[in-house]
Amino acid sequence: MNRALLLVDLQNDFCAGGALAVPEGDSTVDVANTLIDWCKARGDAIVASQDWHPANHGSFASQHNAEPYTQGELDGLPQTWWPDHCVQNSEGAELHPLLKQKAVDAVFHKGENPQTDSYSAFFDNGHRHKTGLDVWLRHHEITELIVMGLATDYCVKFTVLDALQLGYTVNVITDGCRGVNIQPQDSAQAFMTMAAEGATLYTLADWQETH
Ligand code: VGL
Ligand code: ZN
């Protein structure tokens, strides 16, 4: 059984000083680097997703004269309006500088279509278009994922739910994730939903002790 570590959106804009900074987002990078070493030593693949928006992306509050973190509608779906973030080729879109990026075998962009948002690393939010991630994983005969990253209540959650739907065995490293928490319980609820749908939750220490 082949396994991959999937690092979700470990980008500057979701870390301290970034445009859509997630509280304690930076603290996930050490967990990621520990897992990178752990996975490398065992021959697991390492992949990453990268939120990669055009400057006029439809999820940006600035495109709608709206306040960031309020709700609207995009592409027929409820949409949270975000501060401009992860604009293609900007510093904010880069993976965190302390992440051991050389160990990453493949990076998958998402959110490039200005008309629709894409929280999951597998599909856009309307499930109309696929990124290359599923095909890459299948090509490498990967059936099990270790998932962590930013943000728990958006991109991690929807990536995990899609992975489960696609038939992967999914392990989530909870202390490698941090949430936006527009509502204070959003991250806790996201973890409960992931577990209810079939993901197994571990702290990094639990994972290392049991594997
Ligand atoms: C994300 C909000 C907007 C995420 C991306 O990576 O969780 N959240 N774009
Ligand atoms: Zn985004």
Side-chain angles (χ1 to χ4, degrees), residues 6-29 31-32 47-64 66-75 77-96 99 104 107-127 129 131 133 145 147-163 170 172-174 176-183 185-191 193-194 199:
L6 171 52
L7 303 169
V8 177
D9 298 4
L10 293 177
Q11 293 167 264
N12 289 327
D13 269 342
F14 299 121
C15 294
L20 210 172
V22 173
E24 302 176 2
D26 302 69
S27 65
T28 62
V29 176
V31 177
V47 296
S49 64
Q50 197 170 19
D51 213 29
W52 196 249
H53 297 309
N56 66 343
H57 194 260
S59 74
F60 295 172
S62 61
Q63 299 294 307
H64 307 273
E67 279 298 312
Y69 304 101
T70 63
Q71 296 288 323
E73 196 183 286
L74 184 67
D75 201 24
L77 298 168
Q79 174 71 47
T80 300
W81 301 134
W82 300 111
D84 292 17
H85 66 279
C86 297
V87 172
Q88 295 169 5
N89 301 305
S90 69
E91 197 187 332
E94 287 172 15
L95 298 178
H96 193 286
L99 183 69
V104 177
V107 178
F108 297 90
H109 288 164
K110 62 191 183 59
E112 291 160 286
N113 178 348
Q115 333 277 16
T116 187
D117 211 353
S118 187
Y119 294 145
S120 163
F122 290 97
F123 296 94
D124 65 277
N125 289 0
H127 274 234
H129 296 281
T131 66
L133 177 57
L145 301 175
V147 184
M148 58 150 285
L150 303 170
T152 310
D153 36 359
Y154 294 92
C155 292
V156 172
K157 173 180 156 185
F158 289 103
T159 296
V160 164
L161 296 182
D162 280 344
V170 183
V172 180
I173 308 300
T174 54
C177 303
R178 290 293 187 283
V180 180
N181 292 321
I182 293 178
Q183 302 294 328
Q185 297 303 315
D186 284 353
S187 288
Q189 248 168 26
F191 283 133
T193 303
M194 294 183 233

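Counting starts at 1 for both ligands and their atoms, in listed order. Note that the structure is predicted; figures quoted are calculated from it, not measured. Computed from heavy atoms alone, side chains included, the values below leave out hydrogens, waters and symmetry copies.
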Quick check on the Zn ion (ligand 2): does H53 put an N/O/S atom closer than 2.8 Å to it? yes
Nearest protein heavy atom to atom 6 (O) of ligand 1, by residue and atom, and its distance? D9 OD2, 2.7 Å
Check for me whether H85 has a heavy atom closer than 4.0 Å to any atom of ligand 1. yes
Which atom names give the shortest non-hydrogen contact between F14 and C86, and what distance separates them? CE1-SG, 3.5 Å
Less than 3.5 Å between some nitrogen or oxygen of H53 and one of ligand 1, yes or no? no
Per-atom contacts of ligand 1 with C155, taking only distances under 4.0 Å to non-hydrogen atoms: 1 (C), 4 (C), 5 (C), 6 (O), 7 (O)
Residues S27 and R178: side-chain donor-acceptor under 3.5 angstrom: yes
Can you list the ligand 1 atoms lying under 4.0 Å from a non-hydrogen atom of Y154? 7 (O), 8 (N)
Identity of the nearest option to atom 7 (O) of ligand 1, non-hydrogen atoms only, from G25, A151, C86, P83: A151
H129 NE2: over 12 foreign heavy atoms closer than 6.0 Å: no
D124 and S118: side chain donor to acceptor below 3.5 Å: no
Over all atoms of both residues, closest heavy-atom pair of A199 and V172: CB-CG2, 4.1 Å
Using a cut-off of strictly less than 2.8 Å, determine whether D51 has an N/O/S atom near the Zn ion (ligand 2). yes
Look at the N, O or S atoms of C86, main chain and side chain alike, and state whether any lies under 2.8 Å from the Zn ion (ligand 2). no
Which heavy atom of K110 sits nearest a heavy atom of S49, and at what distance? CE-OG, 4.2 Å
Atom 5 (C) of ligand 1: the protein heavy-atom neighbour that sits closest, reported with distance to 0.1 Å: D51 OD2, 3.1 Å
